[in-house]
Amino acid sequence: MMKGEAGRMQHSDKPKQEGHIWGSMRRTAFILGSGLLLLVAFWNSVTWHLQRFWGASGYFWQAQWERLLSTFEGKEWALYIIGATQVPVLLFWAFNGLLLVVDTTGKPNFISRYRIQVDAEKLRQSVRTVLFNQCVISLPMLVFLYPVLKLWGDPCRRELPTFHWFLLELAIFTLIEEVLFYYSHRLLHHPAFYKKIHKKHHEWTAPIGVISLYAHPIEHVVSNMLPVMVGPIIMGSHLSSITVWFSLALITTTISHCGYHLPFLPSPEFHDYHHLKFNQCYGVLGVLDHLHGTDTVFKQTKAYERHILLLGFTPLSESIPDALKKME
């Protein structure tokens, strides 16, 4: 009798769970769609001052771009390779090089004091995997992206995008990345994929910056590369927008994994908690986690209280310390 009741309960719970997921997805589509419409509606008023700045400096950047075009005339593909791959990678390793010095030496102290968790093992293997992913997977994918972009418009066209258009592109890129990363990342946590693919990335329960690209090749393609590439493909973006977007994406994911809650930089607490607990905080912005309820446990923690932009120089681990354990 008890087995039959348990079976009926499981059977009745499944439709409720599926209904909850579809309801969350409908709310997600509504909120993201409404947000995009509001962004477009208020675009002129929001960016008026920024456009004035761009109007003052736009000619300078246009002149520099035309100089680059004349230098690479007939070899625009080489200019694309430099802008889409070399510039973002150099920024990635410059930022991570500084963090690796702090991770391995603990100095300088004014940075190491902002450390959230500490675990610097397996570093050499991780760096080799990251270099493999960048050279053997990312580079060919980005090279192949060039003829795809040419179908929608030349990414090396002579006229730079306006500042209004550039900001709109960044907003759309961010929304697309949030949706694609959240669902691909959550899919990789399914038992059918986790052990063989995603577990590699979660070897680091206390992540450092460089392991943001430490992943199984399949995960690197599906969850790291595609979410940031789809936006520029859809928008037929200019190389300038692509270079800035790829650079921002790499720096942002480094900050999310770095394990340091540094002043005036985005909080890494959200994704750091994901590495700690595995089943919370799947997204980038946290919007989809809120709608799907995959941040409810995180919101009950001290890490959530510390998930803010640090505007001072006192580490949040000191100003918002973990609760002291009760004496037994």
Side-chain angles (χ1 to χ4, degrees), residues 13 16-36 38-39 113-119 171 174-191 194 198-199 201-202 204-209 211-212 223 227 249 252-312 314-326:
D13 286 345
K16 289 180 181 178
Q17 187 178 23
E18 291 177 351
H20 172 72
I21 292 173
W22 283 111
S24 297
M25 292 183 72
R26 285 195 295 270
R27 290 194 298 273
T28 298
F30 175 77
I31 291 175
L32 292 179
S34 300
L36 185 58
L38 286 172
L39 181 66
R113 65 198 291 254
Y114 296 99
R115 184 78 174 147
I116 302 171
Q117 303 182 62
V118 180
D119 181 1
T174 302
L175 289 175
I176 291 173
E177 183 195 23
E178 172 72 3
V179 172
L180 294 181
F181 180 77
Y182 178 88
Y183 290 113
S184 64
H185 185 195
R186 194 169 176 184
L187 179 65
L188 288 172
H189 275 266
H190 188 280
Y194 180 80
H198 192 48
K199 186 178 180 180
H201 184 67
H202 274 282
W204 289 79
T205 55
I208 61 174
I211 68 102
S212 55
S223 206
T252 300
T253 191
T254 294
I255 293 172
S256 296
H257 287 85
C258 72
Y260 295 94
H261 197 145
L262 297 169
F264 313 112
L265 290 180
S267 167
E269 303 281 355
F270 187 77
H271 195 73
D272 196 84
Y273 191 78
H274 172 75
H275 275 263
L276 184 64
K277 297 297 183 181
F278 290 21
N279 60 354
Q280 290 278 297
C281 309
Y282 294 99
V284 178
L285 302 175
V287 177
L288 292 173
D289 285 282
H290 175 73
L291 293 172
H292 287 293
T294 49
D295 61 354
T296 52
V297 177
F298 173 66
K299 288 179 178 177
Q300 300 169 16
T301 67
K302 286 290 183 179
Y304 176 68
E305 294 181 37
R306 294 191 285 260
H307 187 45
I308 56 176
L309 181 67
L310 178 56
L311 297 177
T314 301
L316 287 168
S317 58
E318 297 178 10
S319 59
I320 309 177
D322 291 325
L324 294 175
K325 294 182 179 179
K326 294 181 180 181

Show your working on side-chain contact (heavy atoms from CB on, under 4.5 Å) between H271 and C281 and close with a plain yes or no. CA-CA 6 Å; H271 195 73; C281 309; over 6 Å; no

L265 versus L309, closest heavy-atom pair with distance: O-CD1, 3.2 Å

With side-chain contact (heavy atoms from CB on, under 4.5 Å) as the test, would you mind laying out the steps for I211 and I208 before giving the verdict? CA-CA 6 Å; I211 68 102; I208 61 174; 4.0 Å; yes

Would you mind reporting whether P207 and D272 have side-chain heavy atoms less than 4.5 Å apart? yes

Working note: T296 + Q280, criterion side-chain contact (heavy atoms from CB on, under 4.5 Å); need CA distance, chi angles, decisive distance, verdict. CA-CA 8 Å; T296 52; Q280 290 278 297; 4.3 Å; yes

Derivation and outcome, side-chain contact (heavy atoms from CB on, under 4.5 Å), residues E178 and I176: CA-CA 5 Å; E178 172 72 3; I176 291 173; over 6 Å; no

4.5 Å side-chain heavy-atom contact, L311 and F264: yes

Residues which pass side chain to side chain donor-acceptor pair (under 3.5 Å) with Y182, listed by chain and number, not counting sequence neighbours: R186, T294

About how many Å separate OG1 of T301 and OH of Y273, when rounded to the nearest 0.5 Å? 5.0 Å

Taking only residues two or more places apart in sequence or in another chain, which ones pass ring pair (Phe, Tyr, Trp, His ring centres under 6.0 Å) with H307? F270, F298

Quick one: pull up CD1 in I308 and CD1 in I320 and give me the separation to the nearest 0.5 Å. 5.0 Å

Closest non-hydrogen contact found for S223 with L188 is CB-CD1, 3.9 Å

With a 4.5 Å heavy-atom cut-off, do L310 and L262 have their side chains touching? no

Donor-acceptor pair, distance only, cut-off 3.5 Å: does the side chain of T253 make one with the backbone of A249? no

Min side-chain heavy-atom separation S317-Y114 under 4.5 Å: no

With sequence neighbours excluded, tell me which residues meet ring pair (Phe, Tyr, Trp, His ring centres under 6.0 Å) with H201. H198, H257, H275

Residues which pass salt bridge (Lys or Arg N to Asp or Glu O under 4.0 Å) with K302, listed by chain and number, not counting sequence neighbours: E305

Taking R306 for its side chain and E269 for its backbone only, find out whether a donor-acceptor pair lies under 3.5 Å. no

Only pairs at least two apart or in different chains count here, so list each salt bridge (charged side-chain N to carboxylate O under 4.0 Å, His left out) that has a residue in residues 283-298. D295-K299

dist T254:OG1 -> Y260:OH (nearest 0.5 Å) comes out at 13.0 Å

Please indicate whether F278 has more than 12 foreign heavy atoms, meaning atoms of other residues, nucleotides or ligands, lying under 6.0 Å from its CZ. yes

Of all residues at least two apart in sequence or in a different chain, which pass the side chain to side chain donor-acceptor pair (under 3.5 Å) check with H274? H185, H189, H202

For the residue pair Y183 / H292, report whether a side-chain donor-acceptor contact shorter than 3.5 Å exists. yes

